[in-house]
Amino acid sequence: SAEINQALLPLEWLLGVWESDEPGEGSFSSIPPFRYNETLHFSHVGQPVINFMFNASHAENKKPMHRECGFIRMQPGTNRVAFIIAQNSGLVEVEEGELSGQCLTLSTLALARTSFAKEPHVDQISRVFQMRPDGKLEQTVSMAMKGGPMMQHLHITYCRSTD
Ligand code: HEM
């Protein structure tokens, strides 16, 4: 496998496969709470770019649910991070933010969707990826609909996968 690009060293801790240790919790004021599992893949091919895939499934019946994939870049010489994301719901997104230690804080810079994407339409997304002292990765996602308040949609923790 390719040697890691120097530009990615600050994000090396993210690389690999992560699986939810216990089901994540989904919520929003307009929907019933739900539980889900999710596997995250972060890889690279030697470019200054991380390739990622996030695949969520129903906690009980295991059916595939939300999926996202994309790329992560860092602005050279800074702690600025960009996620370039495509979601199976018909949304594409650029999120930007900062890396501070092993904590990534991101929010929507640009968002577009298919003309026939399901309503209501999300307008703003923010998320935090945090590596915890116990070696688990935590993701919290909040979102807002047009004109609405930011509210939490997802919270989940992952363990490094052994296979
Ligand atoms: C509902 C956005 C990730 C599961 C929704 C809704 C939006 C949304 C806009 C509609 C809320 C409403 O009806 O008022 C997003 C965005 C995500 C994301 C932007 C990623 C950044 C996920 C993930 C799961 C998930 C990872 C895990 C399975 C659900 C479920 C509902 C929902 C079960 C309620 C039923 C439905 O509308 O399909 N989401 N979501 N979402 N989301 Fe997410």
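Keep in mind that the numbers below use all heavy atoms, side chains included, and drop hydrogens, waters and symmetry copies.
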- Look up atom OG in Ser89 and atom CE in Met65, then write down how far apart they are to the nearest 0.5 Å. 12.0 Å
- Task: Please lay out, stage by stage, how Asn37 and Lys62 fare under the test side chain to side chain contact (heavy atoms under 4.5 Å, CB included).
- Result: CA-CA 8 Å; Asn37 291 313; Lys62 315 290 178 206; 4.0 Å; yes
- Message: Is there a continuous path of hydrophobic side-chain contacts, each under 4.5 Å between heavy atoms, that joins Phe129 to Val17?
- Response: no
- Query: So, Glu38 versus His66: side-chain donor-acceptor pair below 3.5 Å or not?
  - Reply: no
- What's the verdict on side chain to side chain contact (heavy atoms under 4.5 Å, CB included) for Leu111 and Asp123, showing C-alpha distance, side-chain angles and the deciding distance? CA-CA 8 Å; Leu111 187 154; Asp123 197 41; over 6 Å; no
- Message: Ignoring hydrogens, what is the shortest heavy-atom contact between Met74 and Thr78? Give both atom names and the distance.
- Response: CE-O, 3.6 Å
- Message: Can you confirm whether Val45 sits close enough to Asn51 that some side-chain heavy atom of one is under 4.5 Å from a side-chain heavy atom of the other?
- Response: yes
- Is any side-chain heavy atom of His121 closer than 4.5 Å to a side-chain heavy atom of Lys146? no
- Item | Side chain to side chain, Met131 and Cys103, heavy atoms closer than 4.5 Å | no
- So, for Phe83 and Phe52, is the gap between ring centers shorter than 6.0 Å? yes
- Item | Min side-chain heavy-atom separation Leu104-Gln130 under 4.5 Å | no
- Message: Is it the case that the side chain of His153 and the backbone of Met143 share a donor-acceptor pair, with hydrogens and angles ignored and the cut-off at 3.5 Å?
- Response: no
- Between atom CD of Gln152 and atom OG of Ser126, what is the distance when rounded to the nearest 0.5 Å? 9.5 Å
- If you measure from NZ on Lys63 to CD on Glu60, what distance do you get to the nearest 0.5 Å? 12.5 Å
- Task: Give, for atom NE2 of His41 and atom CG of Leu15, the distance between the pair rounded to the nearest 0.5 Å.
- Result: 13.0 Å
- Using distance alone, with no hydrogens and no angle criterion, decide if Thr105 and Glu98 have a side-chain donor and acceptor under 3.5 Å apart. no
- Message: Does Arg67, at its CZ atom, have more than 12 non-hydrogen atoms belonging to other residues, nucleotides or ligands within less than 6.0 Å?
- Response: no
- Query: Please walk me through it: do Glu96 and Arg80 pass salt bridge (charged side-chain N to carboxylate O under 4.0 Å, His left out)?
  - Reply: CA-CA 7 Å; Glu96 280 194 22; Arg80 191 111 205 118; 3.2 Å; yes
- Could you give me the CA-CA distance, side-chain angles and deciding distance for Val49 and His44, then say whether side chain to side chain contact (heavy atoms under 4.5 Å, CB included) is met? CA-CA 6 Å; Val49 182; His44 73 91; over 6 Å; no
- Task: Using only heavy-atom distances, determine whether the side chains of Thr157 and Asp21 contain a donor-acceptor pair under 3.5 Å.
- Result: yes
- Task: Any chance you could measure Asn5, atom CG, to Glu12, atom CD, to the nearest 0.5 Å?
- Result: 11.5 Å
- Answer with yes or no whether the side chains of Thr108 and Glu93 bring together a donor and an acceptor at under 3.5 Å. yes
- Task: Following the transitive rule for hydrophobic clusters with a side-chain heavy-atom cut-off under 4.5 Å over Ile, Leu, Val, Met, Phe, Trp and Tyr, establish whether Met53 and Trp18 coincide in one cluster.
- Result: no
- Task: State plainly whether one hydrophobic cluster holds both Phe71 and Leu11, where clusters connect Ile, Leu, Val, Met, Phe, Trp and Tyr through side-chain heavy atoms under 4.5 angstrom apart.
- Result: no
- Item | Proximity of Tyr158 and Phe54 rings by center, below 6.0 Å | no
- Query: Salt bridge between Arg127 and Glu68, side-chain N to carboxylate O under 4.0 Å?
  - Reply: yes
- Query: Is the shortest heavy-atom distance from the side chain of Leu137 to the side chain of Leu40 under 4.5 Å?
  - Reply: yes
- When rounded to the nearest 0.5 angstrom, what distance separates CD in Glu19 from CZ in Arg160? 12.0 Å
- Message: Can you confirm whether Met151 sits close enough to Ser142 that some side-chain heavy atom of one is under 4.5 Å from a side-chain heavy atom of the other?
- Response: no
- Query: Are Val92 and Leu106 connected in the hydrophobic side-chain network, where two residues link if heavy atoms are under 4.5 Å apart?
  - Reply: no
- Query: Taking everything shown except Glu138 itself, do over 12 heavy atoms lie less than 6.0 Å from its CD?
  - Reply: yes
- Query: Leu154 versus Tyr36: any side-chain heavy-atom pair under 4.5 Å?
  - Reply: yes
- Verify, without hydrogens or angle tests, whether Arg113 (side chain) and Val122 (backbone) share a donor-acceptor contact under 3.5 angstrom. yes
- Contact check, side chains of Glu95 and Ile125, non-hydrogen atoms, under 4.5 Å: yes
- Message: Under 4.5 Å between side-chain heavy atoms, counting indirect links through other Ile/Leu/Val/Met/Phe/Trp/Tyr residues: same cluster for Leu99 and Leu14 or not?
- Response: yes
